[in-house]
2 protein chains.
Amino acid sequence: MPRQRSKPPRNDGIGVRDRLLNAADRLFYREGVRAVGIDRVLAEADAAKASLYQHFGCKDRLVASYLERRTGAARAHLEAFLADTPPSQRAIRFFDWVVAWAESEDFRGCPLQHTVSELTDAAHPARAIAHGQREWFAERFLEWTRAAGVKDERETARALMVLFDGAVAGSEVDGPQRASDARWMAQRLLAG
Amino acid sequence: MPRQRSKPPRNDGIGVRDRLLNAADRLFYREGVRAVGIDRVLAEADAAKASLYQHFGCKDRLVASYLERRTGAARAHLEAFLADTPPSQRAIRFFDWVVAWAESEDFRGCPLQHTVSELTDAAHPARAIAHGQREWFAERFLEWTRAAGVKDERETARALMVLFDGAVAGSEVDGPQRASDARWMAQRLLAG
DNA sequence: CAAGTGACAGACAGGTCTGTCTATTTAGCC
DNA sequence: GGCTAAATAGACAGACCTGTCTGTCACTTG
């Protein structure tokens, strides 16, 4: 565990570890973890190969760290987005967040889905992170459907997961219309 | 265009082109098109490298042919599955088909989604096939919701696409429960 | 029997990938 | 200034990838 007291390196004052993660995030998300090699991450981060292996040990751990940081950021972003929304409205408001994401310039689908489908080895460290994030979503959905006071709480919460997955996967192929379609359906589901 | 009049080759009476496609189908679907190299397809098909390049020209065209054959088979299978179902019931019955697929032994998600997320090059020949298949599904959904006589035909048909995508993508990560969840929701949607 | 054809086997080239290693440079701290 | 630790540059090994090419075998047809 290096980096005891921070010292400003020459590159924008951002440490090499964060530069590597930033580069990995851009490239892995945009093009996929298998399509992007170490060398391209190094060039994008303006870092040396030894730094990558010093900080992460191997590519798989870099991938896992990339996913962990991205999912953590998504959680924080979502919680800030929903902070002013009363709990009973959060389920439906959540889909506004999904629509905004799907409409954003650099949207390219769900990094968790991509990772699971690209890395078929069940023992890959990135898979545990993907599953953890999905459990977090499942818990939030149940929380929100309870707060909304719908009849079939659990079934509705699981249906929201399906809508979320469908919104993101569909938007990747067909464009953000799919996210709007999911929101339309969530409204019907939560109204009745 | 070779293979004018068929002659029985030594291998099970199956021509080398079909052996290659069978092997590609198994390996590409199970592990992904980037994870599987030409050599493994050749070994699995018990074929020579020259045969592959004779019949398909390059790997990308083999991938496209694999997708084309698989989607065509899925359409035929689905149409047979729905043949005895009256048109007004086909939308909901469709999700029985999805559940059965998600519960099948070798289910590993949607090959179209995988291909689109693995092959980020928009000009890849496999992408056109993926889009064609999705359009076919969209047309069927609209047909079935019209036959079912629901109020918002178009919105409902688009919602079915979201449910389908969510069922398949979710089942890949969380297991076939997600497909059942989608069916539950489709029932509610088509009932009201 | 002879010619033609489809498939096979495998070497090979040229490139890319991950990961290791050596040597050098930079920057803070005493 | 000198020491230490982090970061840099880049060569290198070994594996794997796609695609080409040469030569051989088996079988069919004239």
Side-chain angles (χ1 to χ4, degrees), chain A residues 1-24 27-28 31-66 118-121 123-126, chain B residues 1-24 27-28 31-66 118-121 123-126:
Chain A
M1 199 149 304
R3 172 142 290 85
Q4 203 84 348
R5 64 199 62 199
S6 68
K7 62 182 66 171
R10 69 149 185 260
N11 248 313
D12 304 337
I14 304 174
V16 68
R17 188 175 196 277
D18 287 326
R19 290 204 319 270
L20 285 166
L21 279 175
N22 289 342
L27 295 172
F28 286 161
E31 303 185 34
V33 295
R34 294 195 92 111
V36 173
I38 289 295
D39 290 339
R40 288 191 53 207
V41 176
L42 295 175
E44 176 98 355
D46 195 26
K49 197 176 269 196
S51 303
L52 191 156
Y53 284 94
Q54 183 65 27
H55 283 286
F56 298 98
C58 63
K59 185 189 179 183
D60 287 342
R61 295 249 301 276
L62 174 66
V63 171
S65 297
Y66 137 70
E118 278 196 285
L119 308 173
T120 46
D121 176 15
H124 195 287
Chain B
M1 204 148 301
R3 172 143 290 85
Q4 202 83 348
R5 63 199 61 199
S6 68
K7 62 183 69 173
R10 68 149 185 259
N11 249 315
D12 305 337
I14 305 174
V16 68
R17 197 187 133 94
D18 285 327
R19 290 207 316 273
L20 285 165
L21 279 175
N22 289 341
L27 294 172
F28 287 161
E31 304 183 35
V33 296
R34 296 197 91 110
V36 174
I38 289 293
D39 290 339
R40 288 190 54 204
V41 176
L42 294 175
E44 176 98 357
D46 195 26
K49 197 175 269 196
S51 303
L52 192 156
Y53 284 94
Q54 183 65 29
H55 282 287
F56 298 99
C58 63
K59 185 189 179 183
D60 287 343
R61 296 248 302 274
L62 174 66
V63 172
S65 296
Y66 137 70
E118 278 196 286
L119 308 174
T120 46
D121 176 15
H124 195 289

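A, B, ... follow the sequence lines: proteins, then strands. Residue 1 opens every chain.
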For the pair made of [atom1] in [X] and [atom2] in [N], what is the distance, rounded to whole Å?
X	N	atom1	atom2	value
B:Leu42	D:dG19	CG	P	12 Å
A:Asp39	D:dA11	CG	P	12 Å
A:Leu27	C:dC17	CG	C1'	15 Å
B:Tyr53	C:dG10	OH	C1'	15 Å
A:Leu52	C:dC17	CG	C1'	13 Å
A:Phe56	C:dT20	CZ	P	15 Å

How long is the gap from [atom1] on [X] to [atom2] on [Y], to the nearest 0.5 Å?
X	Y	atom1	atom2	result
A:Ser65	A:His55	OG	NE2	11.5 Å
B:Ile14	B:Asn22	CD1	CG	6.0 Å
A:Leu27	A:Glu44	CG	CD	4.5 Å
A:Leu62	A:Arg17	CG	CZ	9.0 Å
A:Leu52	A:Arg19	CG	CZ	11.5 Å
B:Arg34	B:Phe28	CZ	CZ	12.0 Å

Does [X] put a side-chain nitrogen or oxygen below 4.0 Å from OP1 or OP2 of [N]?
X	N	answer
A:His55	D:dA7	yes
B:Ser51	C:dC8	yes
B:Arg19	C:dC8	yes

Tell me which of A:Ala47 and B:Ile38 sits closer to the 5' end of DNA chain D, going by the nucleotide each one is nearest to.
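Counting from the 5' end, the first nearest nucleotide belongs to A:Ala47.
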With a 4.0 Å cut-off on heavy atoms, is A:Ala50 in touch with a base, just the backbone sugar-phosphate, or nothing at all?
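Since a base atom lies under 4.0 Å of A:Ala50, the category is base.
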By nearest nucleotide on DNA chain C, pick out whichever of A:Arg34 and B:Ala48 is the more 5' one.
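First, find each residue's nearest nucleotide; the 5'-ward one identifies B:Ala48.
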Ignoring hydrogens and geometry beyond distance, is the side chain of A:Lys59 in donor-acceptor contact with the base of C:dG19 at under 3.5 Å?
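Donor-acceptor pair under 3.5 Å: no.
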Establish whether the base of D:dG10 is bridged to the side chain of A:Lys49 by a donor-acceptor pair shorter than 3.5 Å.
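A donor-acceptor contact between them is absent.
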Rounded to 10°, tell me the angle between the two end axes of the helix from C:dC1-D:dG30 to C:dC30-D:dG1, each built from five pairs.
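Angle reported: 10°, given to the nearest ten degrees.
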Side-chain (B:Glu118) to main-chain (B:Val33) donor-acceptor, under 3.5 angstrom:
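Yes: the side chain of B:Glu118 pairs with the backbone of B:Val33.
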